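Note sheet for the following structure.
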Amino acid sequence: MDMKVKYLIMPVAALWFSACTEKTLEPITDSLGKPGVVTDVKVESIAGGAIVSYRIPNSEDILAVKAVYTLSHGKETESVASFYENKIKIEGYNDTKSCTANLYVVNRAQELSDPVEVAFTPLESSLSKAVKTVSIIQDFGGAQYNWRNVDKVPLTLEFLAQDSLGQMQTMRIMTSEADSNRYSLRGYDAVPRCFGMIIRDNFENASDTIYPPDGKITPLFEEKLDKKNMVVMKLGSDASFTNWEGMDSYLIDDDLETFGHSASNSMPAAFTIDLGCVAKPSRVVMFQRKFSDSYYNWGNPLNFEVYVFEGEGVPAQSGDWSEWKKVMDCQVVKPSGSPSGTVTDEDVAAAEEGHEFAFDLSQEPLRYIRIKFLDTWGASAFCHPAEVDIYGEVVD
(Lines give C-alpha, C1' and ligand atoms only; values in the text may rest on other atoms or scores of the structure.)
Protein backbone atom coordinates (compact mmCIF):
# COMPACT_ATOMS: atom_id res chain seq x y z
CA MET A 1 0.00 0.00 0.00
CA ASP A 2 1.18 3.46 -0.81
CA MET A 3 2.39 5.07 2.42
CA LYS A 4 0.56 8.36 1.75
CA VAL A 5 -2.74 6.47 1.46
CA LYS A 6 -1.92 4.45 4.59
CA TYR A 7 -1.31 7.54 6.69
CA LEU A 8 -4.58 9.07 5.44
CA ILE A 9 -6.61 6.00 6.42
CA MET A 10 -5.30 5.90 9.98
CA PRO A 11 -6.53 9.35 11.16
CA VAL A 12 -9.89 8.90 9.37
CA ALA A 13 -10.40 5.56 11.09
CA ALA A 14 -9.49 7.13 14.43
CA LEU A 15 -12.12 9.82 13.89
CA TRP A 16 -14.73 7.18 12.99
CA PHE A 17 -14.06 5.15 16.13
CA SER A 18 -14.16 8.34 18.18
CA ALA A 19 -17.54 9.30 16.69
CA CYS A 20 -18.96 5.87 17.51
CA THR A 21 -18.06 6.04 21.20
CA GLU A 22 -20.99 6.92 23.48
CA LYS A 23 -20.87 10.40 25.02
CA THR A 24 -22.33 11.17 28.41
CA LEU A 25 -23.44 14.52 29.78
CA GLU A 26 -21.16 15.53 32.57
CA PRO A 27 -21.98 17.92 35.45
CA ILE A 28 -20.90 21.53 35.04
CA THR A 29 -18.40 21.16 37.90
CA ASP A 30 -17.22 18.48 40.26
CA SER A 31 -19.42 17.91 43.28
CA LEU A 32 -18.68 19.86 46.44
CA GLY A 33 -21.17 17.71 48.28
CA LYS A 34 -24.93 17.53 48.54
CA PRO A 35 -26.38 21.06 48.80
CA GLY A 36 -28.14 22.29 51.90
CA VAL A 37 -31.83 23.17 52.01
CA VAL A 38 -33.61 26.51 51.71
CA THR A 39 -34.49 28.23 54.98
CA ASP A 40 -36.63 31.12 56.23
CA VAL A 41 -39.45 30.03 53.89
CA LYS A 42 -42.48 32.32 53.45
CA VAL A 43 -45.53 31.68 51.27
CA GLU A 44 -47.90 34.16 49.58
CA SER A 45 -50.99 32.78 47.84
CA ILE A 46 -51.77 34.17 44.36
CA ALA A 47 -54.30 33.40 41.62
CA GLY A 48 -53.80 29.74 40.73
CA GLY A 49 -50.71 29.24 42.87
CA ALA A 50 -48.24 30.86 45.25
CA ILE A 51 -45.03 32.84 45.47
CA VAL A 52 -42.53 31.24 47.83
CA SER A 53 -39.62 33.28 49.18
CA TYR A 54 -36.61 31.74 50.96
CA ARG A 55 -32.95 31.99 51.85
CA ILE A 56 -30.52 29.80 49.88
CA PRO A 57 -27.56 28.02 51.53
CA ASN A 58 -24.28 29.92 51.69
CA SER A 59 -22.40 27.81 49.17
CA GLU A 60 -20.44 28.81 46.06
CA ASP A 61 -21.78 25.99 43.86
CA ILE A 62 -25.53 26.69 44.15
CA LEU A 63 -27.14 26.87 40.68
CA ALA A 64 -30.91 27.13 41.25
CA VAL A 65 -33.94 26.32 43.35
CA LYS A 66 -36.58 24.00 41.93
CA ALA A 67 -40.21 23.55 43.02
CA VAL A 68 -41.93 20.26 42.17
CA TYR A 69 -45.70 19.99 42.51
CA THR A 70 -48.81 18.30 41.12
CA LEU A 71 -51.53 20.42 39.51
CA SER A 72 -55.28 20.06 39.93
CA HIS A 73 -55.61 17.82 36.85
CA GLY A 74 -52.90 15.43 38.13
CA LYS A 75 -49.89 16.45 36.07
CA GLU A 76 -46.61 16.81 37.96
CA THR A 77 -44.74 19.95 36.96
CA GLU A 78 -41.91 22.13 38.19
CA SER A 79 -40.72 25.71 38.36
CA VAL A 80 -37.07 26.81 38.52
CA ALA A 81 -35.51 30.03 39.84
CA SER A 82 -31.83 30.92 39.50
CA PHE A 83 -29.58 31.41 42.52
CA TYR A 84 -29.81 35.17 41.90
CA GLU A 85 -33.45 35.05 43.03
CA ASN A 86 -34.80 34.60 46.52
CA LYS A 87 -38.29 33.54 45.46
CA ILE A 88 -40.04 31.14 43.10
CA LYS A 89 -43.46 31.23 41.46
CA ILE A 90 -45.73 28.18 41.60
CA GLU A 91 -48.68 28.40 39.21
CA GLY A 92 -51.17 26.41 37.16
CA TYR A 93 -53.81 25.38 39.71
CA ASN A 94 -57.47 25.70 38.78
CA ASP A 95 -59.04 25.22 42.20
CA THR A 96 -58.67 26.63 45.70
CA LYS A 97 -57.90 23.40 47.55
CA SER A 98 -54.97 23.20 49.95
CA CYS A 99 -51.88 21.70 48.29
CA THR A 100 -48.14 21.27 48.73
CA ALA A 101 -44.91 21.65 46.78
CA ASN A 102 -41.37 20.42 47.41
CA LEU A 103 -38.45 22.84 47.14
CA TYR A 104 -35.01 21.54 46.14
CA VAL A 105 -31.69 23.34 45.98
CA VAL A 106 -29.70 22.37 42.87
CA ASN A 107 -25.91 22.66 42.70
CA ARG A 108 -23.65 22.92 39.66
CA ALA A 109 -23.06 19.19 39.73
CA GLN A 110 -26.85 18.77 39.26
CA GLU A 111 -27.29 17.30 42.72
CA LEU A 112 -30.48 17.97 44.68
CA SER A 113 -30.86 18.87 48.31
CA ASP A 114 -33.35 17.18 50.58
CA PRO A 115 -36.85 18.48 49.90
CA VAL A 116 -38.51 21.21 51.92
CA GLU A 117 -42.29 20.91 51.80
CA VAL A 118 -44.42 24.05 51.65
CA ALA A 119 -48.19 24.17 51.96
CA PHE A 120 -50.48 26.81 50.46
CA THR A 121 -54.01 27.42 49.22
CA PRO A 122 -54.18 29.02 45.74
CA LEU A 123 -56.52 31.94 45.20
CA GLU A 124 -59.13 31.73 42.43
CA SER A 125 -57.41 31.11 39.10
CA SER A 126 -57.37 33.57 36.22
CA LEU A 127 -59.20 30.97 34.10
CA SER A 128 -61.98 30.59 36.67
CA LYS A 129 -62.39 34.38 36.91
CA ALA A 130 -62.67 34.67 33.11
CA VAL A 131 -65.26 31.89 32.86
CA LYS A 132 -67.55 33.74 35.29
CA THR A 133 -67.57 36.84 33.06
CA VAL A 134 -68.63 35.15 29.79
CA SER A 135 -71.86 36.21 28.10
CA ILE A 136 -73.08 34.82 24.79
CA ILE A 137 -75.84 36.92 23.29
CA GLN A 138 -77.82 37.38 20.08
CA ASP A 139 -76.01 39.26 17.32
CA PHE A 140 -76.49 40.05 13.65
CA GLY A 141 -76.03 36.82 11.72
CA GLY A 142 -74.92 34.85 14.76
CA ALA A 143 -73.80 35.19 18.36
CA GLN A 144 -71.70 37.74 20.21
CA TYR A 145 -69.23 36.56 22.87
CA ASN A 146 -68.11 38.92 25.62
CA TRP A 147 -65.66 38.14 28.42
CA ARG A 148 -63.13 39.69 30.78
CA ASN A 149 -59.56 38.60 31.49
CA VAL A 150 -58.95 40.66 34.62
CA ASP A 151 -55.47 39.21 35.26
CA LYS A 152 -54.42 39.76 31.61
CA VAL A 153 -52.91 36.29 31.27
CA PRO A 154 -52.70 34.32 27.99
CA LEU A 155 -56.01 32.51 27.45
CA THR A 156 -57.08 30.42 24.47
CA LEU A 157 -60.70 30.85 23.39
CA GLU A 158 -62.56 28.24 21.36
CA PHE A 159 -65.83 29.35 19.74
CA LEU A 160 -68.41 26.67 18.94
CA ALA A 161 -71.59 26.57 16.86
CA GLN A 162 -74.09 23.87 16.02
CA ASP A 163 -73.85 22.48 12.48
CA SER A 164 -76.67 21.27 10.22
CA LEU A 165 -76.55 17.83 11.89
CA GLY A 166 -76.93 19.28 15.35
CA GLN A 167 -73.29 18.69 16.32
CA MET A 168 -71.18 21.34 18.02
CA GLN A 169 -68.23 22.30 15.83
CA THR A 170 -65.20 24.50 16.53
CA MET A 171 -65.52 27.57 14.32
CA ARG A 172 -62.62 29.70 15.56
CA ILE A 173 -59.72 29.52 18.04
CA MET A 174 -57.91 32.62 19.24
CA THR A 175 -55.49 33.60 22.01
CA SER A 176 -55.73 36.86 23.92
CA GLU A 177 -54.26 38.61 26.95
CA ALA A 178 -56.53 41.66 26.65
CA ASP A 179 -58.53 42.73 29.67
CA SER A 180 -61.83 43.14 27.80
CA ASN A 181 -62.80 41.10 24.76
CA ARG A 182 -65.61 40.75 22.23
CA TYR A 183 -65.97 38.41 19.28
CA SER A 184 -68.86 37.50 16.97
CA LEU A 185 -69.56 34.36 14.96
CA ARG A 186 -71.59 35.31 11.88
CA GLY A 187 -73.08 33.85 8.73
CA TYR A 188 -76.09 32.08 10.27
CA ASP A 189 -79.78 32.27 9.39
CA ALA A 190 -82.26 33.76 11.84
CA VAL A 191 -83.30 30.41 13.34
CA PRO A 192 -82.53 29.03 16.85
CA ARG A 193 -79.05 27.51 17.14
CA CYS A 194 -76.66 26.40 19.89
CA PHE A 195 -73.50 28.43 20.39
CA GLY A 196 -70.80 27.72 22.96
CA MET A 197 -67.33 28.58 24.19
CA ILE A 198 -64.40 26.81 25.88
CA ILE A 199 -61.56 28.70 27.60
CA ARG A 200 -58.11 27.21 28.24
CA ASP A 201 -55.00 28.45 30.00
CA ASN A 202 -51.31 27.64 29.47
CA PHE A 203 -51.33 24.89 32.10
CA GLU A 204 -53.66 22.42 30.36
CA ASN A 205 -56.69 23.58 32.35
CA ALA A 206 -59.95 24.00 30.45
CA SER A 207 -63.46 25.14 31.27
CA ASP A 208 -66.56 23.12 30.57
CA THR A 209 -68.42 24.22 27.45
CA ILE A 210 -70.13 27.52 28.25
CA TYR A 211 -73.59 28.04 26.75
CA PRO A 212 -76.00 31.00 26.75
CA PRO A 213 -78.58 30.91 29.58
CA ASP A 214 -81.41 29.69 27.33
CA GLY A 215 -79.24 27.14 25.54
CA LYS A 216 -79.95 28.46 22.04
CA ILE A 217 -79.78 31.84 20.32
CA THR A 218 -81.73 33.12 17.32
CA PRO A 219 -79.36 35.30 15.24
CA LEU A 220 -80.64 38.68 14.14
CA PHE A 221 -81.28 39.02 10.42
CA GLU A 222 -78.35 40.62 8.59
CA GLU A 223 -77.48 41.33 4.99
CA LYS A 224 -74.89 43.25 3.06
CA LEU A 225 -76.57 46.55 2.23
CA ASP A 226 -77.11 47.10 -1.49
CA LYS A 227 -74.54 49.51 -2.89
CA LYS A 228 -76.72 50.30 -5.89
CA ASN A 229 -78.68 52.50 -3.50
CA MET A 230 -75.60 54.15 -1.99
CA VAL A 231 -73.72 57.30 -2.94
CA VAL A 232 -70.57 58.98 -1.64
CA MET A 233 -71.67 62.48 -0.61
CA LYS A 234 -69.44 65.53 -1.17
CA LEU A 235 -69.57 67.43 2.13
CA GLY A 236 -67.45 70.54 2.57
CA SER A 237 -65.11 69.06 5.19
CA ASP A 238 -64.70 65.72 3.41
CA ALA A 239 -61.65 64.80 1.35
CA SER A 240 -61.74 64.02 -2.34
CA PHE A 241 -60.80 60.43 -3.10
CA THR A 242 -60.63 61.06 -6.83
CA ASN A 243 -56.84 61.25 -7.21
CA TRP A 244 -54.13 59.09 -8.84
CA GLU A 245 -56.53 56.75 -10.65
CA GLY A 246 -58.83 56.64 -7.61
CA MET A 247 -62.44 57.79 -7.50
CA ASP A 248 -64.93 58.50 -4.72
CA SER A 249 -67.40 56.07 -6.25
CA TYR A 250 -64.81 53.28 -6.26
CA LEU A 251 -65.06 53.13 -2.46
CA ILE A 252 -68.48 51.47 -2.80
CA ASP A 253 -68.40 49.78 -6.22
CA ASP A 254 -67.95 46.16 -5.02
CA ASP A 255 -64.68 45.92 -6.96
CA LEU A 256 -61.52 45.27 -4.91
CA GLU A 257 -59.34 46.08 -7.93
CA THR A 258 -60.40 49.74 -7.82
CA PHE A 259 -59.80 52.19 -4.97
CA GLY A 260 -60.33 55.68 -3.67
CA HIS A 261 -57.25 57.88 -3.27
CA SER A 262 -57.09 61.10 -1.27
CA ALA A 263 -54.81 63.96 -2.29
CA SER A 264 -51.32 64.60 -0.87
CA ASN A 265 -51.28 66.18 2.60
CA SER A 266 -54.99 65.37 3.02
CA MET A 267 -54.85 63.46 6.30
CA PRO A 268 -57.02 63.07 8.24
CA ALA A 269 -59.30 62.29 5.31
CA ALA A 270 -63.05 61.72 5.67
CA PHE A 271 -65.84 60.64 3.34
CA THR A 272 -69.59 60.26 3.85
CA ILE A 273 -71.96 57.54 2.61
CA ASP A 274 -75.67 57.97 2.01
CA LEU A 275 -76.97 54.40 2.33
CA GLY A 276 -80.01 55.24 0.23
CA CYS A 277 -82.21 53.66 2.90
CA VAL A 278 -82.69 53.64 6.66
CA ALA A 279 -81.02 50.59 8.21
CA LYS A 280 -79.94 49.30 11.58
CA PRO A 281 -76.21 48.80 10.92
CA SER A 282 -74.34 45.78 12.23
CA ARG A 283 -70.80 46.21 10.97
CA VAL A 284 -68.37 47.98 8.66
CA VAL A 285 -65.91 45.88 6.66
CA MET A 286 -62.82 47.73 5.40
CA PHE A 287 -60.74 46.41 2.51
CA GLN A 288 -57.17 47.41 1.78
CA ARG A 289 -55.81 48.18 -1.66
CA LYS A 290 -53.36 45.55 -2.91
CA PHE A 291 -50.49 47.92 -3.64
CA SER A 292 -47.23 46.61 -5.15
CA ASP A 293 -48.70 43.11 -4.84
CA SER A 294 -49.01 43.38 -1.06
CA TYR A 295 -51.07 44.78 1.83
CA TYR A 296 -50.32 46.71 5.05
CA ASN A 297 -48.25 49.32 3.23
CA TRP A 298 -48.19 52.78 1.63
CA GLY A 299 -51.60 54.49 1.90
CA ASN A 300 -53.60 51.56 3.26
CA PRO A 301 -55.73 52.53 6.30
CA LEU A 302 -54.37 51.82 9.77
CA ASN A 303 -56.55 53.83 12.18
CA PHE A 304 -59.92 55.36 11.40
CA GLU A 305 -63.13 56.53 13.09
CA VAL A 306 -66.78 55.86 12.27
CA TYR A 307 -69.45 58.53 12.81
CA VAL A 308 -73.24 58.50 12.49
CA PHE A 309 -75.51 61.46 11.64
CA GLU A 310 -77.62 62.61 14.60
CA GLY A 311 -79.37 65.58 13.03
CA GLU A 312 -82.75 65.88 11.37
CA GLY A 313 -83.21 65.45 7.63
CA VAL A 314 -80.03 65.67 5.56
CA PRO A 315 -76.50 66.48 6.84
CA ALA A 316 -75.34 70.06 6.34
CA GLN A 317 -73.43 70.53 3.09
CA SER A 318 -70.65 72.18 5.10
CA GLY A 319 -69.89 68.84 6.79
CA ASP A 320 -70.29 70.40 10.24
CA TRP A 321 -68.84 67.78 12.61
CA SER A 322 -71.14 68.86 15.46
CA GLU A 323 -73.93 66.97 13.66
CA TRP A 324 -71.99 63.74 13.80
CA LYS A 325 -71.43 61.31 16.68
CA LYS A 326 -68.35 59.10 16.82
CA VAL A 327 -69.40 55.51 17.50
CA MET A 328 -66.23 53.54 16.73
CA ASP A 329 -62.44 53.81 16.96
CA CYS A 330 -61.06 51.26 14.50
CA GLN A 331 -57.61 49.83 13.88
CA VAL A 332 -56.71 47.52 11.01
CA VAL A 333 -54.80 44.72 12.71
CA LYS A 334 -52.03 42.70 11.08
CA PRO A 335 -52.57 39.21 12.58
CA SER A 336 -48.93 38.13 12.52
CA GLY A 337 -47.65 41.33 14.11
CA SER A 338 -44.64 41.05 11.79
CA PRO A 339 -42.55 44.15 10.99
CA SER A 340 -43.12 46.45 8.04
CA GLY A 341 -42.35 44.76 4.73
CA THR A 342 -43.12 41.27 6.02
CA VAL A 343 -46.58 39.89 5.22
CA THR A 344 -47.54 36.30 6.10
CA ASP A 345 -50.21 34.08 4.54
CA GLU A 346 -52.36 34.78 7.63
CA ASP A 347 -52.00 38.52 7.05
CA VAL A 348 -52.99 38.19 3.39
CA ALA A 349 -56.03 36.06 4.26
CA ALA A 350 -57.21 38.69 6.77
CA ALA A 351 -56.80 41.48 4.22
CA GLU A 352 -58.66 39.57 1.51
CA GLU A 353 -61.52 38.75 3.89
CA GLY A 354 -61.76 42.38 4.98
CA HIS A 355 -61.30 43.95 8.40
CA GLU A 356 -64.54 43.90 10.37
CA PHE A 357 -65.70 46.48 12.91
CA ALA A 358 -69.05 45.99 14.69
CA PHE A 359 -71.55 48.61 15.72
CA ASP A 360 -72.91 48.38 19.24
CA LEU A 361 -76.13 46.38 19.28
CA SER A 362 -77.90 49.42 20.72
CA GLN A 363 -77.16 51.53 17.63
CA GLU A 364 -80.34 53.12 16.28
CA PRO A 365 -81.28 52.85 12.59
CA LEU A 366 -79.61 55.46 10.38
CA ARG A 367 -79.06 56.56 6.80
CA TYR A 368 -75.75 58.43 6.84
CA ILE A 369 -72.34 57.10 7.89
CA ARG A 370 -69.08 59.02 7.92
CA ILE A 371 -65.59 57.52 8.03
CA LYS A 372 -62.47 59.52 8.92
CA PHE A 373 -59.04 58.00 8.16
CA LEU A 374 -56.41 59.12 10.69
CA ASP A 375 -53.23 57.43 9.50
CA THR A 376 -51.92 54.68 7.24
CA TRP A 377 -49.59 51.69 7.31
CA GLY A 378 -46.99 53.63 5.33
CA ALA A 379 -47.36 56.80 7.43
CA SER A 380 -48.41 58.44 4.19
CA ALA A 381 -49.94 61.91 3.86
CA PHE A 382 -52.75 60.34 1.82
CA CYS A 383 -55.00 57.29 2.02
CA HIS A 384 -56.18 54.72 -0.57
CA PRO A 385 -58.77 52.23 0.76
CA ALA A 386 -60.07 49.75 -1.80
CA GLU A 387 -63.63 49.18 -0.60
CA VAL A 388 -66.08 49.59 2.28
CA ASP A 389 -68.99 47.20 2.95
CA ILE A 390 -71.86 48.02 5.31
CA TYR A 391 -73.99 45.24 6.84
CA GLY A 392 -77.24 45.44 8.74
CA GLU A 393 -81.00 45.26 8.35
CA VAL A 394 -83.04 47.65 6.22
CA VAL A 395 -85.93 49.10 8.21
CA ASP A 396 -87.27 51.71 5.76
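Remember, predicted model here, so these are calculated numbers, not experimental data.
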Side-chain donor-acceptor pairs of residues 363-383 under 3.5 Å, sequence neighbours excluded:
from, atom 1, to, atom 2, distance (Å)
Arg367, NE, Asp274, OD1, 2.7
Arg367, NH2, Asp274, OD2, 3.4
Arg370, NE, Asp238, OD1, 3.0
Arg370, NE, Thr272, OG1, 3.2
Arg370, NH1, Gly319, O, 3.0
Arg370, NH2, Ser237, OG, 2.6
Arg370, NH2, Asp238, OD1, 2.8
Arg370, NH2, Gly319, O, 3.4
Asp375, OD1, Asn303, N, 3.0
Asp375, OD1, Asn303, ND2, 3.0
Asp375, OD2, Asn303, ND2, 3.3
Thr376, OG1, Trp298, O, 3.2
Thr376, OG1, Ala379, N, 3.2
Thr376, OG1, Ser380, N, 2.8
Trp377, NE1, Pro301, O, 3.2
Ser380, OG, Trp298, O, 2.9

Considering all heavy atoms, the nearest Thr209-Gly196 contact: CG2-CA, 4.4 Å
Does a sphere of radius 6.0 Å around NZ in Lys234 hold more than 12 heavy atoms from other residues, nucleotides or ligands, not counting ones at 6.0 Å or beyond? yes
Please assess Glu177 against Leu155 for the test side chain to side chain contact (heavy atoms under 4.5 Å, CB included), listing each intermediate value before the final yes or no. CA-CA 6 Å; Glu177 298 180 38; Leu155 293 176; over 6 Å; no
Would you please test Glu356 and Arg186 for salt bridge (charged side-chain N to carboxylate O under 4.0 Å, His left out) and show each step? CA-CA 11 Å; Glu356 177 185 304; Arg186 303 189 191 274; 2.9 Å; yes
Donor-acceptor side-chain pairing of Asn86 and Ser53 below 3.5 angstrom: no
For Phe271, I'd like to know if atom CZ has over 12 heavy atoms of other residues, nucleotides or ligands within 6.0 Å. yes
Mind checking who shares a hydrophobic cluster with Val395, ILVMFWY linked at side-chain heavy-atom distances under 4.5 Å? Val278
Are Ile90 and Val116 in one and the same hydrophobic cluster, where Ile, Leu, Val, Met, Phe, Trp and Tyr link if side-chain heavy atoms are under 4.5 Å apart? yes
Should Glu393 and Leu220 be marked as a side chain to side chain contact (heavy atoms under 4.5 Å, CB included) after you check the CA-CA gap, both sets of side-chain angles, and the distance that decides it? CA-CA 9 Å; Glu393 181 180 12; Leu220 297 171; 5.8 Å; no
Basic-acidic side-chain contact under 4.0 Å: Lys132, Glu124: yes
For Lys216, is there any backbone N or O sitting under 3.5 Å from a side-chain donor or acceptor partner on Asp214? no
Is it true that, when you exclude Asp208 itself, more than 12 heavy atoms of the residues, nucleotides or ligands shown sit nearer than 6.0 Å to its CG? no
Can you confirm whether more than 12 heavy atoms, excluding those of Lys224, are under 6.0 Å from its NZ atom? yes
Side chains of Ser338 and Thr342 only: does a donor on one sit below 3.5 Å from an acceptor on the other? no
Taking ring-ring contact (aromatic ring centres under 6.0 Å, His included) as the cut-off, I'd like each qualifying pair that reaches into residues 165-199, sequence neighbours left out, listed once. Phe159-Tyr183, Tyr188-Phe195
Are Leu251 and Phe309 grouped together when hydrophobic residues (ILVMFWY) are joined by side-chain heavy atoms under 4.5 angstrom apart? no
Strictly by salt bridge (charged side-chain N to carboxylate O under 4.0 Å, His left out), give each pair with a member in residues 290-313 just once, sequence neighbours left out. Lys290-Asp293, Glu305-Lys326
Begin with the C-alpha distance, continue with both residues' side-chain angles, and end with the deciding distance and a verdict on side chain to side chain contact (heavy atoms under 4.5 Å, CB included) for Val105 and Ile62. CA-CA 7 Å; Val105 176; Ile62 300 302; 3.5 Å; yes
If we ignore hydrogens and angles and just use 3.5 Å, is the side chain of Asp396 paired with the main-chain N or O of Cys277 as donor and acceptor? no
Assess whether a salt bridge exists between Asp40 and Lys42, defined as any Lys/Arg side-chain N lying under 4.0 Å from an Asp/Glu carboxylate O. yes
Any non-hydrogen side-chain atom of Trp147 less than 4.5 Å from a side-chain atom of Met197? yes
All pairs passing side chain to side chain donor-acceptor pair (under 3.5 Å) where residues 111-121 contributes a residue, at least two apart: Ser31-Glu111, Lys34-Asp114, Asn107-Glu111
Thinking salt bridges, do Glu387 and Arg289 make one under a 4.0 Å N-O criterion? no
Grouping I, L, V, M, F, W and Y whenever their side-chain heavy atoms are under 4.5 Å apart, do Val332 and Phe359 come out in a common cluster? yes
Linked, directly or transitively: Tyr69 and Leu123 (ILVMFWY side chains, under 4.5 Å): no
Sole residue of Gln288, His261, Glu245 in side chain to side chain contact (heavy atoms under 4.5 Å, CB included) with His384: His261
Applied to residues 98-134, the ring-ring contact (aromatic ring centres under 6.0 Å, His included) test, sequence neighbours excluded, yields Tyr93-Phe120
Which residues pass the side chain to side chain contact (heavy atoms under 4.5 Å, CB included) test with Ser318, not counting sequence neighbours? Ala316, Asp320
Less than 4.0 angstrom from a charged side-chain N to a carboxylate O is my criterion; do Asp179 and Arg148 meet it? yes
Between Ser262 (side chain) and Ala239 (backbone), is there a donor-acceptor pair under 3.5 Å? no
Does Lys89 pair with Glu91 as a salt bridge, N-O distance under 4.0 Å? yes
Tell me, please, which residues at least two apart from Asp345 pass side chain to side chain contact (heavy atoms under 4.5 Å, CB included). none
Are Val327 and Trp324 connected in a single hydrophobic cluster, I mean Ile/Leu/Val/Met/Phe/Trp/Tyr linked by side-chain heavy atoms less than 4.5 Å apart? no
Has the side chain of Lys66 got a donor or acceptor atom that lies under 3.5 Å from a matching backbone atom of Asn102? no
Please list, chain by chain and in numerical order, all residues satisfying side chain to side chain contact (heavy atoms under 4.5 Å, CB included) with Asp163, sequence neighbours excluded. Leu165, Gln167, Gln169
Might you work through the ring pair (Phe, Tyr, Trp, His ring centres under 6.0 Å) test for Tyr391 and Phe140, ending with a clear yes or no? CA-CA 9 Å; Tyr391 286 77; Phe140 284 95; over 10 Å; no
Side chains of Asn229 and Leu275 in contact at under 4.5 Å (non-hydrogen atoms): no
Under a 3.5 Å threshold, yes or no: a donor from one side chain and an acceptor from the other, between Gln331 and Asp329? no
With side chain to side chain contact (heavy atoms under 4.5 Å, CB included) as the test, pick out the partner of Leu127 among Asp151, Asn202, Val153, Ile199. Ile199
Electrostatic pair Arg283-Asp389, nearest N-O below 4.0 angstrom: no
Given side chain to side chain contact (heavy atoms under 4.5 Å, CB included), test Tyr295 with Glu352 step by step and report yes or no. CA-CA 9 Å; Tyr295 299 101; Glu352 291 177 344; 3.6 Å; yes
Side chain to side chain contact (heavy atoms under 4.5 Å, CB included) partners of Ser249, counting only residues at least two apart: Met247
Please give the remaining members of the hydrophobic cluster of Ile51, linking ILVMFWY side chains under 4.5 Å, ordered by chain and number. Ile46
Please name all residues satisfying ring pair (Phe, Tyr, Trp, His ring centres under 6.0 Å) with Phe357, sequence neighbours left out, ordered by chain then number. Phe304
